[in-house]
Number of protein chains: 2
Amino acid sequence: MTIVDVAAAAGVSRQTVSNALNKPHLLAAETLEKVHAAINDLGFAPNVAAQQLRRRRASAYGFEVNPSGAGRMGHILDGFLVEMTAAAPDHAAHLVTFAPELDRLIEGYDRLLGTGLVDGFVLGDTRHGDPRPDWLLEQGVPFVTFGRIWDRPDLDGWVDVDGRAGVRLGVEHLLSQGYERVAWLGWPDGSPVGDDRRAGWLDGLTASGHDADASMAVESVQDLSQATAAAERLLRGLKGRGAIVCASDLLALGAIRAIRNHDLRLGTDIGVVGFDDTDVAEALSLTSLRQPLRPAAEAAWRILASGHQSRPHGIPGAAATDDEGDGHAERTALLPPTLTIRASSTPEPSGTPTGRTTRRSSTS
Amino acid sequence: MTIVDVAAAAGVSRQTVSNALNKPHLLAAETLEKVHAAINDLGFAPNVAAQQLRRRRASAYGFEVNPSGAGRMGHILDGFLVEMTAAAPDHAAHLVTFAPELDRLIEGYDRLLGTGLVDGFVLGDTRHGDPRPDWLLEQGVPFVTFGRIWDRPDLDGWVDVDGRAGVRLGVEHLLSQGYERVAWLGWPDGSPVGDDRRAGWLDGLTASGHDADASMAVESVQDLSQATAAAERLLRGLKGRGAIVCASDLLALGAIRAIRNHDLRLGTDIGVVGFDDTDVAEALSLTSLRQPLRPAAEAAWRILASGHQSRPHGIPGAAATDDEGDGHAERTALLPPTLTIRASSTPEPSGTPTGRTTRRSSTS
DNA sequence: CTGAAAGCGCTTACAG
DNA sequence: CTGAAAGCGCTTACAG
């Protein structure tokens, strides 16, 4: 079925059908109506390949998926892919997955681009030394990243979750629940995401008039036994009703194991807050920070729709501004996580045992 | 850049370039060589939209992703999507993700199909009462399912993991490690996947000359506290060196908690085997059955390549045969999981503390 | 506001 | 084995 069938059914020419689809304002209301009726009757949908060929754009974006997709970022990216996919129809676009060889990353991007199957890319897992942003910029290819472009603070075109604000929210929640001291279990220095989250811990303490001495922060790589050992060091200093905020749910799992090893009660004696609100958090009744993937996906589509990278701006090293204030589309979005509160941060048995409570972080 | 540019560079006509791409056997070796050289020099890739339009096929398949993607199947499907994506180039195809509204599922499939963006679909999460296979069959649309088509044993076109063989492998492993009794912690009766896995437990026991009395099997829904309680019931009957095989890693996590609650040592006193080899399994040193996603993806692509559903065959109710033995492409694949062995099933501290051991299930 | 023409980049018969 | 022609289903200027 083609546009010609619709034209016949509606009693107009094929060009009029095309206009009804692409430039409806050019048509008489009555004509438009007739065409739409015919389209609905026939269940017509334009052939996308023909549109792509003629328009010389695909309205599609490549989304890299990674076979070694284990580890922390993997799961979050899967969720982000789902939300990007769900929001795609609102932007008359779609996503094509691809899996470049990791030792020929740019070649994989180049190849997909060469087929004309996509106009640009969605990048996840941005990292130090990431070769993709510079290459794409050079090629003039539109893209959006999920995660700040850490090496290039002068670039826009990213969406990210404000881990710092999130962790601060976790600290404030714990203090409000009556835990007297709040410690930090994070990753070793040097990971941009981890350092950002750790800063949120300090923010939360100082904003509440607490002081943080160095003994209240320990670090561990993303490994359960190390995390457990690190948390045990923390417990010795955490007299009275203390709590631990963690950079990830896995680290939080280590904290929980340490608490059990010391015959303490999770929540009642020691509070714990994790990050990412994974299945594990739900299974363990662990309070955890949840990344707002749907808003992030919507922001990412807006950035893609706003087209190419705008001129690099700002002083390198300075924080990218969230709002240019000039009426143009915002090309960065820093979104606050929400806190999913469960028994691990409730000193007394929670009043709402089954209901899940969510509290929105304010980004004042 | 188009085929015309390549033709100019190679000093042939554009049709010859097209032939070099599509019917290389028609060309003189020398000519072919020249064209390939030009293609490489220019980094040419054919425009896919033009190919799709002319060939009247997309060589693309829709992959449904689900916003409520939490839960057990979600993660496995994410991994399957990745492997399908990685294998796609070998079949000159690609995947388009889409997220139909769940209360208008078929409409979502129909709509995507109508755009010509895809030729068919990859279905995950097959279930009782699934409306998709019948509809697709009716439409004559090619598809492959990840998971048997439980309601229609007469249909082929599926790949699945042999949970029954996998669990049997787990049982045999535990017995060989010296655990004297092996119990089952599974899901309530009635889920096809769960019932299949439970049958594997029985297989493993009877094949080794053990008998299974009903008290050695308990069930729990996919919830940690219920699983823990169920495992505790099991522990009372598991005198001596016993073990528990579980239908999922989450149930296994419940078993581990029960073991700790009873002051027993995981592995040393009580062995545990989970299913799916999730992050949690790795974090907890839990031996677990891993689904062979890469072979599954390859089999799925072969099925897609073999085209449409072959005539329904076999007697409904009889098990689908794995091999027609007639030289035709196999349109079903039942793949054995592998066992990732960790400390939870090793009575003595493992000899290879860091190395991960994998044992392949035989499907005799 | 509506209709006839050209063309997006390919592939596939069809003559030579 | 190679070259000229038609056409996949659209959109976009361009006359009327």
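The sequence lines fix the lettering, A, B, ..., with proteins before strands; numbering per chain opens at 1.
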Query raised in the report: Distance-only, no hydrogens or angles: does the A:D160 side chain make a donor-acceptor pair with backbone N or O of A:R148 under 3.5 Å?
Result: yes
Query raised in the report: Just by protein heavy atoms under 4.0 Å, how would nucleotides 7-13 of chain D read 5' to 3' in B, S and -?
Result: BBBBBB-
Query raised in the report: Does CD in B:Q139 sit with more than 12 non-hydrogen atoms of other residues, nucleotides or ligands closer than 6.0 Å?
Result: yes
Query raised in the report: Are the side chain of A:D156 and the backbone N or O of A:T332 linked by a donor-acceptor pair below 3.5 Å?
Result: no
Requested in this report: Give a yes or no answer on whether the side chain of A:D110 reaches the backbone of A:I106 with a donor-acceptor pair at less than 3.5 Å.
Outcome: no
Requested in this report: Establish, with yes or no, whether the OP1 or OP2 oxygen of C:dT2 is under 4.0 angstrom from a side-chain nitrogen or oxygen of A:T31.
Outcome: yes
Requested in this report: May I ask you to verify if any side-chain N or O of B:S13 is less than 4.0 angstrom from the OP1 or OP2 atom of D:dA4?
Outcome: no
Query raised in the report: Which dot-bracket string fits DNA chain D when only Watson-Crick or G-U wobble pairs with both atom distances under 3.5 Å count, crossing pairs get [ ], and | stands for a partner on a different strand?
Result: |||.||||||||.|||
Report task. Return the orientation label for the A:Y61 and A:W301 ring planes: parallel under 30°, perpendicular over 60°, tilted otherwise. Result -> perpendicular
Query raised in the report: Relative to the ring of B:Y109, is the ring of B:F98 parallel (under 30°), tilted (30 to 60°) or perpendicular (over 60°)?
Result: perpendicular
Query raised in the report: Any side-chain heavy atom of B:L155 within less than 4.5 Å of one from B:L137?
Result: yes
Report task. Determine, step by step, whether A:E107 and A:R111 satisfy the salt bridge (charged side-chain N to carboxylate O under 4.0 Å, His left out) criterion, reporting the C-alpha distance in whole Å, the side-chain angles of both residues, the deciding distance to 0.1 Å, and the verdict. Result -> CA-CA 6 Å; A:E107 189 180 324; A:R111 193 189 306 280; 2.7 Å; yes
